[in-house]
Participant: 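Right, I'll just put the structure down here and ask away after.
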Amino acid sequence: MENVAKESVGEIGQRQSKSTKWYKNWKFITTGIIVIIAIIFAAISYYQANYFNSHIEINGTNVGGLTPDEALNKLKSSILTNKVYVGQQQILDGKDTKMEFTEEDLPGVKKLLKSQWSIFPSSKVKEYSLLPSNIDQYRSQEMKKQVEEKLVKMNKNLTPPKDAKAILKEGTVIISKSKNGEQYDVASLLKDFDKHGYTSEIHLSPVYIQPIKEDSQIVKNEEKKLQDLLQQTVEYKVQDKVYSLKGSELIKNATVSKDMKVKIDKGVLKKKIEEINESQSTLDKNFKFKTHSGSVISVKGQGYGWALDVAKETKQVKSAFEKGTTSVSASNTVGHGWSGEGYGYDTTTNNGIGDTYAEVSIAEQRIWIYKKGKLVITTNVVTGKHSTGNDTSKGVWYILYKRTPATLTGRELGGKPSYEVQVDYWAPFTNDGQGFHDAGFRSNWASNAYLNAGSHGCVNTPPSAMSTVYNNLSTYEPVIVY
């Protein structure tokens, strides 16, 4: 141990002195580096706080390296070419305008400067949009309107999309296929236009009108609407009969409109109404009539009788199906009345003639007036002159109107002068002027007088009976002449 070399005090001191010098040098260098870094960061912070990064654009104008004031001045002088593109296609070349920026917009520019901040200045391209406080009415209104008009005009020459639809075809509900079109979705493109702010050129991404797809809720609702239609029944009342009209049998083709209203093809439905009309109407048909003697004869309907107005009734029943109405009564009839109206629809007894009517027998030269099934008067009469063809017209007619007193005018056959006769009672039943009236001027009341000395077609009635006859004739009630 005594032989071990020991470090002298001088050597130790010398080594400590070297360490101290190295530490002082390292500390100096480190401090210098920190100072340099601080200076760099200060410079960066200053730059970031006062200058835009190199590839910053506002409304398409590069403001890289500029202060907010410089950027604002550049924006003030920037020209907007106002060209609008949809995809690669230019659709509008508007007039050149300035951005209309003013000193009032400096805070907005400074705000964008702050938003670009990063630890180190970025070389990435960034595009900002800034609306000037003084909004350009040309771009926001006039130019936008021009874009809309142009798109609408272009769409007229472009293929529209085809929506999928539920339709009823030949009694079966089917779903038609959708098909894409070429027409632009104008509303979406205009929203995109608004988002572009004040860029010199406006590039809109193409957006097309999309068709309604087969699996959409709209199509499902249409399908249900048509299925419900097929299950629907409309109770259709004609006089005292009710017909159950089933959608599954009478509706073969139908569609559903955009507001979910059913539209029916009336073809088969119309045939059904025609069938009902043929079975029940009395217009131009023969009436079975039981005479005063009890014999049953057939008399052709003339002025009296009714038929359904098939077109109007089809429309009414069609509307009931479309609206979901479950019952409807016939309300449109036609006939041979003065204005084409029909008579007798409300009468269902006595084969459609009812129990209040006038019976005229040419062969017996006599009339019978019935009121509510009871005979109220019968009297001899003289009808139209047979030898000259002025016979009272046979058929089922109706009382047109009643008048007391009345002046009757007419013209003799062969072009003889007109005549004029005053009567106390007048009740016509044919459109050409035949009717009941008193005939005080007549002296020949024989049962065969009508053959050569009859009237001009009217039913001449003895004055003594005419008052009772007149008072028991009912307007619009049947007159049966046979």
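Reckoned from all heavy atoms, side chains included, excluding hydrogens, waters and symmetry mates.
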Participant: Using distance only, find each side-chain donor-acceptor pair of residues 85-98 under 3.5 Å and give its atom names and separation, not counting sequence neighbours.
Facilitator:
| residue | atom | partner | partner atom | Å |
| --- | --- | --- | --- | --- |
| Tyr85 | OH | Gln90 | OE1 | 3.3 |
| Thr97 | OG1 | Asn82 | ND2 | 2.9 |

Participant: With the side chain counted from C-beta on, respond yes when Phe321 and Val262 share a heavy-atom pair under 4.5 Å apart, and no when they do not.
Facilitator: no

Participant: Side-chain donor-acceptor pairs under 3.5 Å in residues 103-114, sequence neighbours left out?
Facilitator:
| residue | atom | partner | partner atom | Å |
| --- | --- | --- | --- | --- |
| Glu103 | OE2 | Lys76 | NZ | 2.5 |
| Glu104 | OE1 | Ser133 | OG | 3.4 |
| Asp105 | OD1 | Ser133 | N | 2.7 |
| Asp105 | OD1 | Ser133 | OG | 3.2 |
| Asp105 | OD2 | Thr102 | N | 2.9 |

Participant: Are any of the side-chain nitrogens in Lys271 or Glu274 under 4.0 Å away from the carboxylate oxygens of its partner?
Facilitator: no

Participant: Do Thr159 and Gln183 have side-chain heavy atoms sitting under 4.5 Å apart?
Facilitator: no

Participant: Of all the heavy-atom pairs spanning Lys402 and Thr475, show the shortest one and how long it is.
Facilitator: CD-OG1, 3.9 Å

Participant: What do the steps show when you test Phe429 against Val481 for side chain to side chain contact (heavy atoms under 4.5 Å, CB included), and what is the final call?
Facilitator: CA-CA 10 Å; Phe429 55 79; Val481 181; 4.2 Å; yes

Participant: Picking from Tyr398, Trp397, Phe289, Tyr343, what satisfies ring pair (Phe, Tyr, Trp, His ring centres under 6.0 Å) with Tyr357?
Facilitator: Phe289

Participant: As a quick check of understanding, evaluate side-chain hydrogen bond (donor to acceptor under 3.5 Å, both in side chains) for Tyr243 and Glu275, giving each step before the final call.
Facilitator: CA-CA 11 Å; Tyr243 300 86; Glu275 178 185 312; over 6 Å; no

Participant: What distance do Ser200 atom OG and Ile202 atom CD1 have between them, rounded to the nearest 0.5 Å?
Facilitator: 9.0 Å

Participant: For the side chain to side chain donor-acceptor pair (under 3.5 Å) test, which of Asn62, Asn73, Thr61 pairs with Ser78?
Facilitator: Thr61

Participant: Does the pair Ser393 and Gln302 meet the rule for a side-chain hydrogen bond (donor to acceptor under 3.5 Å, both in side chains), with working shown?
Facilitator: CA-CA 9 Å; Ser393 300; Gln302 299 288 355; over 6 Å; no

Participant: Treating His336 as the side-chain partner and Gly305 as the backbone partner, does any N or O pair qualify as donor plus acceptor under 3.5 Å?
Facilitator: no

Participant: Is the closest side-chain heavy-atom distance between Ser129 and Asn59 below 4.5 Å?
Facilitator: yes

Participant: Whether the side chain of Lys179 engages the backbone of Pro211 through a donor-acceptor N/O pair (distance < 3.5 Å, no angle test) should be reported.
Facilitator: no

Participant: Name the atoms and distances for all side-chain donor-acceptor pairs under 3.5 Å in residues 33-49, with sequence neighbours left out.
Facilitator:
| residue | atom | partner | partner atom | Å |
| --- | --- | --- | --- | --- |
| Ser45 | OG | Phe41 | O | 2.9 |
| Tyr47 | OH | Phe52 | O | 3.4 |
| Gln48 | NE2 | Ser118 | O | 2.7 |
| Gln48 | NE2 | Ser118 | OG | 3.4 |

Participant: With the side chain counted from C-beta on, respond yes when Gln116 and Tyr128 share a heavy-atom pair under 4.5 Å apart, and no when they do not.
Facilitator: yes

Participant: I'd like to know if the side chain of Asp265 reaches the main chain of Gly267, judged simply by a donor and an acceptor atom lying under 3.5 Å from each other, with no hydrogens or angles considered.
Facilitator: yes

Participant: Whether Lys144 engages the ring of Phe193 as a cation-pi pair (distance to the six-membered ring centre under 6.0 angstrom, angle to the ring normal within 45°) should be assessed.
Facilitator: no

Participant: Where the side chain of His55 meets the backbone of Ser123, is there a donor-acceptor pair that is under 3.5 Å apart?
Facilitator: yes

